[in-house]
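Presented below is the structure to which this report refers.
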Amino acid sequence: MATHTSKFWKPGSEPPGSTLSEERVSSEGQGSSVVYNPYRNLSLEQQRLKLPVFQHRTNILYLVESYQTVIVVGETGSGKSTQIPQYLLEAGWAAEGYMIAVTQPRRVAAVTVATRVSEERGRMLGQEVGYTIRFDDVSDPEATRVKFMTDGMLVREMMQDPLLSKYSVVMLDEVHERTIHTDIILGLLKKIQKKRKDLRLIVASATMDAEEFKDFFNTNETGDSRNDTAAVLSVEGRMFPVDVHYSLDPVPNYVKATVETAIKIHHNEKPGDILAFLTGMEEVEQVVSLLIEEARKIPRDSQKMMVLPMHGSLPASEQMKVFQRTPNNVRKIVVATNIAEASITISGIVYVIDSGFVKLPAFNPKTGIESLVIVPVSQASAEQRAGRAGRVRSGKAYRLYTEEAFHTLAPSTVPEIQRAGMASVVLQLKALGIDNVVRFNFLSPPPAQNMVRGVELLYALGALDDNGRLTNPLGYRMAEFPLHPLYAKMLLISGEMDCSEEAVIIAAMMQIQNVFITPPKQKIQATNAKRRFSALEGDHLTMLNVYLAFVQHNKRPKWCHENFLNYKGLCRASDIKDQMTRLLKKFKIPLVSCEGDAEKLRRCLTAGFFANAAKLHYSGEYRTVRDDHPLSVHPTSVLYTETRPQWVIFNEIVQTNKDYMRDLTAIQPEWLYELAPHYYQYGTDRELAAKRARLGDR
DNA sequence: GAGCACTGC
């Protein structure tokens with residue numbers, strides 16, 4: 001583990017240098033963009049033996065043999081992700097036709113770890129070692145013994161094979177990230193373990209919350225630890241020490257403090273790149289422009305600064321820039337959102353600036369609205385950020401808050417499953433045979449209200465019957481779609497509404513972000529380009545126009561570029577469209593075109609999204625039909641115009657200063673009563689209020 | 001007239 005020594009320091013003053021760390025820096029003497037690997041000249045086999053986890057090989061195999069669940073706490077660089085699966089393989093856990101599954105929260109991780117492991121074994125990827133991610137299955141049902149996959153893929157597999165009968169061991173990696181999928185798998189595996197005593201589970205986490213996992217999986221109630229069914233093992237990492245510096249006083253403005261701190265580091269500290277964590281794109285751009293202003297003041301013969309933004313809505317080409325090496329006399333300063341905390345790794349970082357804040361989604365069960373809120377980071381998250389400075393050599397982390405403030409932070413971030421809408425989760429659990437979802441054994445149970453809200457929505461969509469059971473065939477089919485239930489409903493009804501070909505495209509297009517690219521220097525051209533695709537009916541038909549034009553121009557990257565469209569995103573939409581089409585064929589839903597009849601499509605959208613309906617209020621804003629909640633049109637919508645339709649349906653609400661509806665289509669009010677009579681059976685506001693009161697929904 | 005943490009099936 002990286003050692004942390006706390007020091008006091010005040011932003012705006014000179015950051016203190018540590019004699020100890022200065023010595024370490026000079027003794028390492030590494031180039032700033034080189035990942036330090038002291039074993040790079042050894043063979044792959046020799047490198048394997050040098051990893052910290054190797055010392056624990058025998059013990060790990062013993063524990064897996066003796067306990068149903070083994071929790072492995074291992075820091076970055078321990079080698080647990082690549083080695084433990086191989087130890088299991090070598091010890092015979094994949095004999096007799098059994099397989100070993102290893103899950104990762106992200107697609108790239110599943111692919112890179114699988115690639116590394118197959119290299120180490122000297123075999124071709126997709127044979128003994130393979131991976132399975134959505135749209136890319138590089139595994140062989142006969143030959144593959146170790147399969148790396150995304151956690152979401154394992155949930156899908158469990159719908160087909162609830163006891164995971166193919167596997168002898170399931171290893172869940174990066175469990176500390178607590179994705180919704182990982183949490184679902186944890187609950188399901190606890191259940192499976194009762195029926196399959198032979199199945200082994202390895203829970204790998206980077207943080208010290210091992211006891212919580214152990215208590216969850218330990219079924220021993222005798223009080224005698226010799227009967228435990230779960231065990232914990234810690235594996236040391238291979239990281240360099242990071243000195244942590246706290247702010248002496250609370251920082252009134254972390255955006256300004258980030259700029260000041262970066263400048264001070266640049267002028268006073270040894271070479272090494274800087275990574276700063278902020279909460280959103282706007283803050284990132286602000287800091288970048290302030291730093292570029294400062295960079296201009298640097299004298300010609302001094303070390304230069306290269307300031308780069310890093311956030312999710314940056315085009316791929318811009319994102320690539322942060323990975324490029326910089327010349328010796330240039331210091332790279334990457335200003336990033338949380339994307340750099342776990343999703344991407346930038347080499348050469350020696351200094352980290354932590355604003356202490358993060359933007360996270362929250363769910364309000366009263367309104368059913370998901371929003372993004374800026375909140376203080378957790379201690380675990382702050383440690384993760386600081387750790388980003390210790391991958392190349394010893395580094396320094398500057399926290400823009402006091403040490404006292406750090407100790408008041410929550411130990412770990414609230415798991416995603418407690419902060420999200422539950423409609424999809426409830427649908428998936430029901431499909432997995434969990435009848436009583438409210439009493440499902442979650443490691444961290446979501447608020448009951450969130451679950452109730454999810455159940456209500458599924459009932460309204462016709463996926464659940466009066467007894468809360470999955471309906472046949474609608475509910476079962478909806479669960480098979482890798483989409484939010486609202487889209488699944490729309491697609492499943494699109495056949496009988498004579499527009500399934502177009503509905504599939506719309507559903508696919510709605511899954512990708514940033515379809516339209518707006519380069520800051522060509523704002524006007526980009527806006528004009530977007531206007532060419534705009535449909536009067538709303539955003540859904542606009543997206544349909546974009547996709548149809550993309551196909552008409554043979555999916556050419558050059559055409560996308562000229563029209564300010566996200567080429568990679570459109571390719572992804574094409575993959576999703578194909579997958580959805582396959583599912584519709586499987587359910588024998590006819591593939592028919594509406595032949596340009598927009599009304600058919602708008603009705604079909606209403607059949608899926610009737611719960612998200614709003615009416616224009618005399619104030620000029622909209623109100624939800626169901627509970628009179630005020631809403632505005634999002635500025636990115638094509639319906640963000642002077643003349644607004646009286647009635648609309650929308651995909652989602654984003655909450656900033658106001659509650660904005662995103663992705664809208666104009667509808668006729670009578671369609672609501674026609675297509676969702678059960679939901680809108682009470683016509684007047686007063687009757688609606690009465691119904692709400694009875695449901696205890698206020 | 002004004003805004004988009006990050007994944008994943």
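Chain identifiers are assigned alphabetically (A, B, ...) following the order of the sequence lines, protein sequences preceding nucleic acid strands; residue numbering begins at 1 within each chain. None of these values were measured; they are calculated from a predicted model.
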Show your working on side chain to side chain donor-acceptor pair (under 3.5 Å) between A:Glu283 and A:Tyr254 and close with a plain yes or no.
CA-CA 10 Å; A:Glu283 285 173 11; A:Tyr254 59 77; 2.7 Å; yes
Output, in order, the C-alpha distance, side-chain angles, deciding distance and verdict of side chain to side chain donor-acceptor pair (under 3.5 Å) for A:Asn545 and A:Arg532.
CA-CA 9 Å; A:Asn545 287 340; A:Arg532 284 199 290 277; over 6 Å; no
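The side chain of A:Arg106 has B:dG8 as its nearest neighbour among B:dC9, B:dA5, B:dG8. The side chain of A:His311 sits closest to B:dC6 out of B:dC6, B:dG1, B:dC9. Listed candidates were B:dA5, B:dC6, B:dC9. Nearest to the side chain of A:Arg107 is B:dC9.
For the segment residues 146-165 of chain A, the set of residues with a heavy atom within less than 4.0 Å of an atom of DNA chain B comprises A:Thr150, A:Gly152, A:Met153, A:Arg156, in numerical order.
Between A:Arg134 atom CZ and B:dT7 atom C1' the separation is 13 Å, expressed in whole Å. Counting to the nearest Å, the C1' atom of B:dA5 and the NZ atom of A:Lys359 are 7 Å from each other. Note: CD (A:Glu341) to C1' (B:dC6) measures 10 Å, nearest angstrom. Following rounding to the nearest Å, A:Leu639 (CG) and B:dG1 (P) show an atom-to-atom distance of 19 Å. If you take CD of A:Glu285 and C1' of B:dA5, they are 15 Å apart, rounded to a whole angstrom. A straight line from CD1 of A:Ile344 to P of B:dC6 spans 10 Å, rounded to a whole angstrom. In this entry the distance linking CZ of A:Arg477 with C1' of B:dC9 reads 20 Å, nearest Å. Protein atom CG of A:Asp183 is 14 Å distant from nucleotide atom C1' of B:dG8, rounded to whole Å.
A:Asp539 and A:Arg662 are not joined by a salt bridge, as no carboxylate oxygen comes within less than 4.0 angstrom of a charged side-chain nitrogen.
Within the 4.5 Å cutoff, the side chain of A:Val654 has heavy atoms near those of the A:His634 side chain. Side-chain contact between A:Tyr131 and A:Asp136: present, with at least one pair of heavy atoms (C-beta onward) separated by less than 4.5 Å.
For A:Phe277 and A:Phe357, the ring centers sit 6.0 Å or farther from each other.
Between A:Leu360 and A:Arg572, the residue whose closest nucleotide on DNA chain B is further toward the 5' end is A:Leu360. Each of A:Gln579 and A:Thr518 was matched to the nucleotide of DNA chain B holding its nearest heavy atom; the match closer to the 5' end belongs to A:Thr518.
Contact check, A:Tyr660 against B:dA2: no side-chain N or O comes under 4.0 Å of OP1 or OP2.
Across all strands, A:Thr337 comes closer than 4.0 Å only to sugar-phosphate atoms, never to a base (heavy-atom distances). As judged by a 4.0 angstrom heavy-atom cut-off over every strand, A:Thr641 is placed among the base-contacting residues. Among the atoms of the strands shown, only primed sugar atoms or phosphate atoms (P, OP1, OP2) are found under 4.0 Å from some heavy atom of A:Ile339.
Ring-base stacking between A:Tyr640 and B:dA2 is not satisfied when judged by a centre separation under 5.5 Å and a plane angle under 30°.
Residues meeting the side-chain contact (heavy atoms from CB on, under 4.5 Å) test with A:Leu616, sequence neighbours left out: A:Tyr622, A:Arg644, A:Gln646.
Between A:Phe587 and A:Phe481, the ring planes are tilted. Angles from 30° to 60° get that label.
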